[in-house]
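Working notes, structure below.
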Number of protein chains: 2
Amino acid sequence: MVQKKRPTLYDVAKQANVSIATVSNVLNNKDEASEETIQRVNEVIKQIGYSRNESARSLKRGESKLIGLIVPDNNPFFTEILDGIQQECEYYDWQVVVANSEESEKRQNQLIELLSAQQVSGIILAPVSETLSTTKIKANAPIVLIDREVENVKLPVIKADNVDGCYKATRKLLQNGHKRIGLILASPGISTTVQRKQGYVEALTSQNIQIDEELIQFGGNNTGTKAQIDGGYQAVIRMMNLSSPPTAIFATNHLLMIGALKAIKEQNLSIPKDISFIGFDDHPWQEISSPKLTIVSQPAFEMGRQAIHALHKLKSKDEIITTSLPLKLVIRESCGTA
Amino acid sequence: MVQKKRPTLYDVAKQANVSIATVSNVLNNKDEASEETIQRVNEVIKQIGYSRNESARSLKRGESKLIGLIVPDNNPFFTEILDGIQQECEYYDWQVVVANSEESEKRQNQLIELLSAQQVSGIILAPVSETLSTTKIKANAPIVLIDREVENVKLPVIKADNVDGCYKATRKLLQNGHKRIGLILASPGISTTVQRKQGYVEALTSQNIQIDEELIQFGGNNTGTKAQIDGGYQAVIRMMNLSSPPTAIFATNHLLMIGALKAIKEQNLSIPKDISFIGFDDHPWQEISSPKLTIVSQPAFEMGRQAIHALHKLKSKDEIITTSLPLKLVIRESCGTA
DNA sequence: CTCCTTTACTTAAACGTTTAAGTAAGTACT
DNA sequence: AGTACTTACTTAAACGTTTAAGTAAAGGAG
């Protein structure tokens with residue numbers, strides 16, 4: 001694979017009869033060259049097809065034009081976040097390196113290292129654990145947390161208002177007369193789980209309904225699409241086997257929801273006649289599901305955008321922005337009355 | 001944002017009482033140091049937490065440990081490809097920069113430039129147009145095409161066997177007695193569209209059935225999820241308004257399929273009783289759709305893996321690998337008899 | 001006319017690696 | 001003992017930028 005050598009500042013400088021410093025100044029709009037020279041240099045650049053060697057620049061500057069994104073998996077929620085990040089990065093002329101921690105803290109910390117070694121300008125991190133080892137947050141790039149928070153760590157975080165979103169969903173079911181509402185949660189160790197449970201609990205207690213721990217099932221101790229779906233499936237099976245099964249179910253993430261719906265279908269229960277249902281995350285296929293599902297919808301794209309925004313503020317003004325974006329309850333056809 | 005300066009080779013060298021060259025050799029397993037020195041250097045590295053400045057290395061080597069992935073959008077198919085790419089990159093110690101061309105050739109070529117400037121070791125490209133401008137394939141990084149091919153370009157390409165896959169799907173419908181089969185295609189300008197149409201045409205002509213161009217509808221001239229879904233929707237509407245509407249429909253990508261199903265539902269047609277249906281791409285939610293859909297399934301993850309493999313072969317042996325992976329027809333419940 | 005400032009540059013060092021070339025000591029062979 | 005090879009290093013240059021410091025010429029103020 002023979003690759004032509006890319007032209008350098010020297011090539012441009014020679015052709016334009018100036019020093020490399022001048023070319024560099026022109027490239028960086030330093031306004032220290034005459035209009036005429038700027039013109040000439042730019043012409044040569046275009047003519048010989050010069051573009052900057054970013055490795056050299058990064059070396060000198062101590063910072064590349066890359067930002068890192070670390071997600072625990074590539075599910076559609078994080079893909080939508082990536083979308084938002086990419087759009088916003090365009091403005092800052094950043095490129096995104098995506099890495100997958102696979103819900104492993106060890107891997108996550110390796111990735112922070114690897115990205116730091118690339119001299120990334122910043123890292124957007126959806127952390128896997130509740131506690132980020134303090135050694136690691138000294139990574140040599142600024143970090144913004146997304147989706148999930150960690151305790152005792154002073155970092156910007158862009159998250160959804162899980163408590164409120166799940167409060168609203170649960171209240172909706174309560175308003176429809178449900179008293180026994182099954183809650184399906186993901187892994188206990190992450191902040192979103194804690195907060196989603198909290199919203200559920202607050203809604204019930206505000207109506208003086210006792211919490212029945214049997215109705216709260218964790219379905220996401222394992223990683224991987226299949227495992228998560230199965231977690232949701234098993235959670236429903238367990239609930240429906242209770243002496244007094246729920247009349248409504250709230251699944252608090254997308255994969256859990258799919259598994260839950262599968263179990264409901266297999267049990268020959270019809271939504272919303274036999275059981276009411278609220279799911280999580282809106283996706284195109286829901287337009288054709290029947291019944292159309294009432295869901296809690298997350299502003300994933302916007303979260304991505306805001307994360308970049310927060311990263312920029314952190315870098316330029318040392319400002320720590322923490323944003324909690326509202327969750328929307330999209331009411332469709334899956335909630336009946338008890 | 002005060003960042004501690006990262007330790008360099010010098011820091012390691014000083015502490016270990018050797019020259020930076022020796023440290024470098026140890027780091028790169030050059031086997032030119034005594035066992036004792038290797039030990040000592042490695043200890044110092046761990047102790048002071050040294051890790052290589054990849055910008056400096058890239059500058060010297062003329063190549064970074066990054067590879068670029070350019071996709072036309074972030075739909076789940078490409079996300080699964082990314083998954084495969086990431087898994088395989090682990091082995092080569094590469095990281096992935098993902099960029100979105102938004103189906104724009106201009107943007108795509110900009111991105112090739114930008115990635116080249118990052119000194120990427122290679123680029124995996126799902127090209128937007130049938131013809132890649134020849135100037136551009138001279139990018140200073142080796143390129144492997146994925147999913148789509150372009151004419152007259154000698155590059156490795158990892159694709160699905162679209163002709164065969166769509167032949168099989170169409171034949172299935174023919175075997176079930178359907179004679180008027182509606183085909184919904186994406187944008188005419190990409191190779192996958194051409195090939196999927198070809199598979200359909202071959203299946204029909206092998207049964208001596210005349211092609212009715214009215215039954216071949218393009219739904220994907222526009223970019224964006226909504227637009228694609230709408231394209232599938234409109235395609236069905238147009239078909240069903242024909243004097244002699246189809247008795248079966250084959251939608252050749254995921255978003256088109258969702259739109260098509262939406263239209264079918266709105267027309268109060270029931271699958272497979274009133275109309276038979278074959279879709280594209282398998283995703284978790286299909287487990288809970290009713291009826292369960294017969295679909296053509298793409299090995300996206302494997303395509304990602306193979307792309308990295310092909311890239312490596314291209315770089316190390318200058319070998320141009322072209323792979324056409326089989327498409328699988330997953331038969332479920334959406335095909336009835338005519 | 002002299003001095004000062006501004007403009008439009010140039011020079012050269014530095015960023016942190018890799019690597020070719022050099023070296024000094026030890027071992028092996030004749 | 002002399003030569004040749006091996007081992008285990010070191011030295012120094014180079015990769016392509018950015019940028020602080022320097023400079024020469026022109027313009028303006030007094």
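Here is how names work: the chains are called A, B, and so on, in the same order as the sequence lines, proteins then strands, and each is numbered from 1.
The backbone N or O of Tyr10(A) sits less than 3.5 Å from a side-chain atom of Thr8(A), completing a donor-acceptor pair. A side-chain donor-acceptor contact under 3.5 Å links Arg148(B) to the backbone of Pro127(B). Side-chain atoms of Ser316(B) come within 3.5 Å of backbone N or O of His312(B) as a donor-acceptor pair.
Between the side chains of Ser104(A) and Ser101(A), not a single donor N or O lies within less than 3.5 Å of an accepting N or O.
In this structure, Glu149(B) CD and Ile190(B) CD1 are separated by 12.0 Å, a value rounded to the nearest 0.5 Å. Once rounded to the nearest 0.5 Å, the distance linking CG of Asp83(B) with CD of Glu88(B) reads 12.5 Å. With rounding to the nearest 0.5 Å, the separation of CG in Leu9(A) from OG in Ser24(A) is 6.0 Å. To the nearest 0.5 angstrom, Met303(A) atom CE is 8.0 Å from Phe78(A) atom CZ. Here the CD1 atom belonging to Ile158(A) is positioned 9.5 Å from the NE2 atom belonging to His309(A), to the nearest 0.5 angstrom.
For the segment residues 19-31 of chain B, the set of residues with a heavy atom within less than 4.0 Å of an atom of DNA chain D comprises Ser19(B), Ala21(B), Thr22(B), in numerical order. Looking at residues 32-54 of chain B, you'll see Tyr50(B), Arg52(B), Asn53(B) sit with a heavy atom under 4.0 Å from some atom of DNA chain C. Contacts between residues 9-17 of chain B and DNA chain C, counted as heavy-atom distances below 4.0 Å, involve Leu9(B), Tyr10(B).
Gln119(A) pairs by the side chain to side chain contact (heavy atoms under 4.5 Å, CB included) definition with Ser64(A), Arg6(B), Asn53(B), Ser55(B), not counting sequence neighbours.
Salt-bridge check for Arg52(A) with Glu113(B): failed, with every basic side-chain N at 4.0 Å or more from each acidic carboxylate O. Using a cut-off of 4.0 Å between Lys/Arg side-chain N and Asp/Glu carboxylate O, Arg107(B) and Glu90(A) are scored as salt-bridged.
The rotation axes computed at either terminus of the helix from dC1(C)-dG30(D) to dT30(C)-dA1(D) lie 50° apart, taking five pairs at each end and rounding to 10 degrees.
You can see that DNA chain C meets the heavy atoms of chain B within a 4.0 Å-exclusive cut from dG16(C) to dT19(C), reading 5' to 3'.
Here the side chains of Val144(B) and Ile123(B) are not in contact, with every heavy-atom distance at 4.5 Å or above.
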Run Val41(A) and Val12(A) through side chain to side chain contact (heavy atoms under 4.5 Å, CB included) and show every step you take. CA-CA 7 Å; Val41(A) 168; Val12(A) 178; 4.2 Å; yes
Between Arg40(B) and Glu35(B), is a salt bridge (charged side-chain N to carboxylate O under 4.0 Å, His left out) present by the stated rule, with each step listed? CA-CA 9 Å; Arg40(B) 188 154 33 95; Glu35(B) 203 44 60; over 6 Å; no
